[in-house]
Structure formats: C-alpha cells, structure tokens
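Please read the structure below before turning to the comments.
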Amino acid sequence: MTTPQEHLRSELERLFELDELKSLSTNFLGLSPDDVGGTAGKGTFARALVERLDKEGSLLALADAMFFAKKGVKEIELGAIAEELAAGT
C-alpha cells in the first residue's frame with residue numbers, strides 16, 4: 001500500500017520539473033531549496049521536500065501549494081492524499 005508521503009512524492013515528480021519544485025518550495029512554502037536539500041535532481045528534491053514537510057507536520061500545506069502552483073492539478077487528485085493525511089493525525 002502506498003503511503004500518503006509516497007503518493008505526494010510521486011505526484012510532485014510527475015507534475016513538476018526541478019525548477020518548478022524549487023519555485024514551489026520558495027514561493028509557496030517559504031523554504032530555501034538549499035535548506036531542503038537534494039537539489040541535484042527532481043526525484044531527490046521531491047523526496048527531501050516531502051521528508052522535511054512530513055517532519056514539520058506540513059504535508060497538507062504541500063498539497064495545497066501543489067494545487068495553487070501548477071495549472072492542471074486537480075483538487076480531487078490531491079483530495080485523496082489530504083484525506084489520508086488527516087486520517088493519520
């Protein structure tokens with residue numbers, strides 16, 4: 001079974017390019033990409049971002065940021081993730 005964290009990470013990798021992920025981190029989440037780490041590649045940065053926000057209890061903020069940052073991201077796609085996260089709290 002896929003965890004909400006894995007689901008978020010895979011959606012980040014599917015929907016965003018590395019420069020877009022860095023922009024999302026900076027502009028929507030207030031996190032410097034260098035502070036997040038893993039800036040050498042899309043997959044490593046997505047993993048580092050999800051891990052960082054999971055530790056901070058901010059994965060719902062990431063789902064919201066994804067929705068607002070990327071045209072074409074459907075709220076329904078992220079709704080299932082948000083429900084999984086809320087159930088885990």
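The basis for the numbers below is simple: all heavy atoms, side chains too, and nothing from hydrogens, waters or symmetry mates. Please read all numbers here as calculations on a predicted model, not as lab measurements. If you read the sequence from its start, that first residue is 1, and numbering goes on from there.
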Query raised in the report: Are any of the side-chain nitrogens in Glu13 or Arg9 under 4.0 Å away from the carboxylate oxygens of its partner?
Result: yes

Query raised in the report: Taking 4.0 angstrom as the limit, do Arg14 and Glu11 come out as a salt bridge?
Result: yes

Query raised in the report: So do the side chains of Leu53 and Glu56 get within less than 4.5 Å of each other, counting heavy atoms only?
Result: yes

Requested in this report: Please examine the side chains of Leu62 and Leu24, heavy atoms only from C-beta on, and report whether any two atoms are closer than 4.5 Å.
Outcome: yes

If you measure from [atom1] on [X] to [atom2] on [Y], what distance do you get to the nearest 0.5 Å?
X	Y	atom1	atom2	value
Met66	Leu8	CE	CG	5.5 Å
Lys42	Leu12	NZ	CG	10.0 Å
Leu59	Glu51	CG	CD	10.5 Å

Minimum heavy-atom separation for [X] to [Y], with atom names?
X	Y	result
Ser25	Val36	OG-CG2, 3.7 Å
Arg52	Asp35	NH1-O, 3.5 Å
Phe45	Gly37	CD1-O, 3.1 Å
Thr26	Pro33	OG1-CD, 3.2 Å

Query raised in the report: So Leu29 and Leu49, side chain to side chain contact (heavy atoms under 4.5 Å, CB included) or not? Walk me through it.
Result: CA-CA 10 Å; Leu29 299 167; Leu49 185 60; 4.2 Å; yes

